[in-house]
Amino acid sequence: MKLTGSQIFVEVLVEQGVDTLFGYPGGAVLNLYDELYKNSDRIRHVLTAHEQGASHAADGYARATGRTGVVLATSGPGATNLVTGIATAYMDSVPMVAFTGNVATTLLGKDSFQEAYIEGITMPITKHNYTVRRVEDLADTMRAAFRIAQSGRKGPVLVDIPKDITAASCEFTPKAPELIRTVTRYNEADVKKAAQMINASERPIVYFGGGVRSAAGCQPLRDLLEKTGMPATYTLMAAGVLSYGEPHNLGLLGMHGCYAANKAIDEADLVIAVGTRFSDRVALNPDSFAKRAKIIQIDIDPSELGKNVDVDLSLTGDASYILQAILPYVEKTEHKLWMEQIRGWQKNDYKPVDSDTELKPHQIIDEICNQAGPEAVYVTDVGQHQMWAAQYLHHTKSRGFLTSGGLGTMGFGYGAAIGAQMALGRDARVVMLTGDGSFHMNLNEACTAVSYDLPIITVIFNNQVLGMVRQWQTTFYEKRYSDTDPHRKTDFVKLAEGFGAKGYRAATPAEFKAAFADAMKQKGPSWIDCRIGKDEKVLPMIPGGGTVNDIIME
């Protein structure tokens with residue numbers, strides 16, 4: 001059958017199983033939007049306040065479900081407004097397809113109105129990208145984009161569609177979605193060698209990252225820990241894969257990780273690194289990282305193997321399949337002496353002090369967990385509140401913690417929370433944790449949450465400063481607070497009401513408990529302005545380039 005480019009666009013989205021699209025209209029994509037209007041019963045379009053918010057929403061949708069998030073923007077500034085969201089998804093290996101409109105093919109390269117070379121701009125932050133120059137190529141290009149986004153190491157793909165392509169016509173042949181081939185292959189000899197190294201070790205530890213969450217399943221990791229009695233520690237991107245309080249779970253590793261987790265890595269004789277890239281927030285000093293240990297690295301992306309830290313054995317493939325293959329060859333043991341030593345170090349872990357009169361970050365998070373329950377999805381912005389969330393949230397599901405890890409994008413949270421809520425439905429509980437600095441960046445998406453009546457609870461850790469940067473200035477810059485006190489007078493309660501949301505203010509634990517309980521009853525979005533001290537710190541902290549011996553505990 002003969003269809004226009006716009007009709008093909010919609011048909012391929014439906015073919016690929018897309019039910020939700022986040023975006024913002026403009027001149028170059030009007031043909032696409034006209035077709036979406038005609039097919040609103042097949043695809044739900046979510047209009048955001050800003051294209052960056054739409055990109056974060058598509059990202060949040062993908063993180064919460066494992067499905068591909070989809071975003072649509074017009075040409076020029078619409079396309080460039082997606083860049084931060086695309087880079088965020090790229091750094092955290094999130095499957096996303098971004099569609100942009102562009103000027104007609106006859107106007108490309110002529111500095112036309114609202115023209116931007118978005119293919120070139122996004123080349124370093126996408127797995128692949130395309131400009132469609134013939135309508136006959138549109139369908140297969142879109143199909144390739146969805147396949148690439150979900151294949152191997154997941155990530156974003158961009159498809160730029162000039163306006164004349166959306167109006168042109170060609171023959172269209174429907175196709176069933178291509179089956180994504182999971183990387184099930186692995187080197188059997190290396191699998192046996194890895195098992196031998198595990199069996200021979202006395203002080204082994206698993207260090208895992210977001211690649212475990214992206215793998216075919218998390219259960220093989222849990223099975224390995226159960227069979228071998230090994231402890232495990234994780235990166236920010238893997239928070240929630242192991243349940244809070246699980247005996248194998250030592251907690252977060254790295255700059256703001258637990259003392260015991262960092263000490264165990266330092267003293268281990270074997271580190272099994274799974275789905276992680278030894279980032280500079282974990283391997284703060286690559287030359288000293290796990291210096292007493294042999295290192296096994298497992299990753300689906302061969303370019304990550306040995307990239308940041310030298311390893312003794314590397315295995316390429318899906319972490320789930322490789323761990324499953326290792327399991328039969330490892331011996332059942334408990335590593336009692338090693339675990340006893342670690343329990344001794346855990347006594348030295350940082351323990352925050354409660355207060356009955358002041359709001360303390362850990363108490364806020366404990367109360368959130370008590371009321372929202374284990375099935376809630378927690379989304380964060382970036383900064384101190386993000387680290388407190390990673391340290392104190394009682395994560396119990398692998399897709400229950402959504403945060404920008406690699407790029408560290410302030411303003412990520414509200415868009416991502418909208419995407420997660422849209423993906424999971426109104427009956428799901430989505431709680432967004434943010435700081436006043438991060439929230440100011442994209443709080444315009446409040447109008448989106450209100451328009452779609454989304455019951456997102458936003459908890460604002462309001463210390464009225466740019467807390468994380470100020471903490472560094474306190475520790476490393478002799479308290480020279482250069483531009484970290486913005487002197488803002490924002491009244492979040494009045495602002496929430498201005499948007500049409502419900503606003504609360506809390507200054508004590510009792511006030512917060514009551515406010516959160518009432519927010520849980522709301523049918524639409526709500527914000528809770530939590531006043532915390534500007535000198536509250538994220539502890540412990542290991543300075544960049546340091547080791548566990550440099551850890552700051554106060």
Side-chain angles (χ1 to χ4, degrees), residues 231 233-236 239 244-245 249-267 280-285 288-289 341-369 380-394 403 408 433 435-438 459 461-482 484-485 507-509 512 530-554:
T233 181
Y234 53 83
T235 70
L236 181 69
Y244 180 84
N249 187 355
L250 302 188
L252 189 68
L253 181 68
M255 180 174 283
H256 294 295
C258 304
Y259 170 77
N262 282 292
K263 184 68 173 171
I265 285 285
D266 192 57
E267 295 288 342
D280 58 307
R281 285 298 170 108
V282 171
L284 296 115
N285 186 331
S288 300
F289 185 80
Q341 191 173 12
I342 290 171
R343 299 298 176 222
W345 294 329
Q346 285 180 322
K347 293 175 183 176
N348 296 319
D349 277 338
Y350 175 77
K351 295 175 180 63
V353 179
D354 290 352
S355 173
D356 293 327
T357 57
E358 298 176 17
L359 276 177
K360 297 293 183 181
H362 70 284
Q363 288 177 278
I364 293 172
I365 293 169
D366 280 346
E367 188 59 44
I368 291 170
C369 293
T380 82
D381 264 315
V382 170
Q384 286 181 311
H385 68 275
Q386 177 190 32
M387 294 298 108
W388 288 322
Q391 290 173 334
Y392 301 124
L393 277 171
H394 300 182
T403 195
L433 292 81
D436 54 305
S438 276
V459 180
F461 290 70
N462 186 2
N463 54 12
Q464 299 184 294
V465 293
L466 305 182
M468 185 62 90
V469 185
R470 188 178 189 277
Q471 179 174 334
W472 279 63
Q473 289 172 337
T474 300
T475 306
F476 305 115
Y477 293 87
E478 298 177 339
K479 299 185 179 180
R480 292 188 294 275
Y481 299 123
S482 176
T484 47
D485 187 346
T508 67
F512 178 75
C530 301
R531 295 302 176 95
I532 64 172
K534 64 175 63 177
D535 292 315
E536 290 286 349
K537 293 182 175 63
V538 179
L539 295 173
M541 178 180 181
I542 302 175
T547 69
V548 68
N549 298 321
D550 304 305
I551 197 164
I552 299 168
M553 302 287 275
E554 59 183 17

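Keep in mind the model is a prediction, meaning the values are calculated, not measured.
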Contact check, side chains of V459 and I364, non-hydrogen atoms, under 4.5 Å
yes

Restricting to non-hydrogen atoms, name the atom on L393 and the atom on C369 that form the minimum distance, rounded to 0.1 Å.
CD2-SG, 3.6 Å

Count the heavy atoms of every other residue, nucleotide or ligand shown that sit under 6.0 Å from NZ of K479, and state whether that count exceeds 12.
no

With a 4.5 Å heavy-atom cut-off, do Q391 and P540 have their side chains touching?
yes

Between D280 and M255, is the side-chain contact (heavy atoms from CB on, under 4.5 Å) condition met? List the steps.
CA-CA 9 Å; D280 58 307; M255 180 174 283; over 6 Å; no

Nearest non-hydrogen partners of V465 and K534, listed with the distance
CG2-CB, 3.9 Å

Kindly give the heavy-atom pair with the smallest separation between L284 and G544, and that separation in Å.
CD2-CA, 3.9 Å

How long is the span from the CG atom in D436 to the NE2 atom in H385, to the nearest 0.5 Å?
10.0 Å

Report yes or no: does Q386 contribute a side-chain atom to a donor-acceptor pair with the main-chain N or O of G408 at less than 3.5 Å?
no

Would T380 and T403 satisfy side-chain hydrogen bond (donor to acceptor under 3.5 Å, both in side chains), going step by step from the backbone distance to the final call?
CA-CA 5 Å; T380 82; T403 195; 2.6 Å; yes

With a 4.5 Å limit on heavy-atom distance, are the side chains of Q363 and S355 in contact?
yes

Just wondering, do Q471 and V538 contact through their side chains at under 4.5 Å, heavy atoms?
yes

Atom OH of residue position Y477 - does it have more than 12 heavy atoms of other residues, nucleotides or ligands inside 6.0 Å?
no

I'd like to know if the side chain of D349 and the backbone of A260 have a donor-acceptor N/O pair within less than 3.5 Å.
yes

Rounded to the nearest 0.5 Å, what separates atom NZ in K263 from atom OG1 in T233?
15.0 Å

Report the C-alpha distance between E358 and I532 in whole Å, list the side-chain angles of each, state the deciding distance to 0.1 Å, and finish with yes or no for side-chain contact (heavy atoms from CB on, under 4.5 Å).
CA-CA 7 Å; E358 298 176 17; I532 64 172; over 6 Å; no

Between S482 and Q473: side-chain donor-acceptor atoms closer than 3.5 Å:
no

Taking the ring of Y392 and the ring of W388, is the distance between their centroids below 6.0 Å?
no

Test item: V548 and I265 side chains (from C-beta on) under 4.5 Å apart, heavy atoms
no

Taking S438 for the side chain and V382 for the main chain, is one N or O donor matched with an acceptor at less than 3.5 Å?
yes

Could you tell me if the side chain of C258 sits less than 4.5 Å from the side chain of L250, heavy atoms only?
no

Distance (rounded to the nearest 0.5 Å) between N262 CG and H256 NE2
11.0 Å

Go through the steps for C530 and L359 under the test side-chain contact (heavy atoms from CB on, under 4.5 Å), then give the verdict.
CA-CA 7 Å; C530 301; L359 276 177; 3.8 Å; yes

From CG (D550) to CE (M541), nearest 0.5 Å
11.5 Å

Close side-chain approach of K537 and E554, heavy atoms under 4.5 Å
no

Under the criterion side chain to side chain contact (heavy atoms under 4.5 Å, CB included), which of D266, V282, T547 is the partner of F289?
V282

If you measure from CG on N249 to OH on Y244, what distance do you get to the nearest 0.5 Å?
9.5 Å

Closest contact, heavy atoms only, L539 versus I552
CD2-O, 3.7 Å

Rounded to the nearest 0.5 angstrom, the CD1-NZ distance for I342 and K347 is 13.5 Å

Would you check, one step at a time, whether the test side-chain contact (heavy atoms from CB on, under 4.5 Å) holds for I365 with F461?
CA-CA 10 Å; I365 293 169; F461 290 70; 3.9 Å; yes

Using side chain to side chain donor-acceptor pair (under 3.5 Å) as the criterion, list what pairs up with E536, not counting sequence neighbours.
K360

Any ion pair linking D535 and R470 (charged N to carboxylate O, less than 4.0 Å)?
yes

Is there side-chain contact between R531 and N463, with heavy atoms separated by less than 4.5 Å?
no

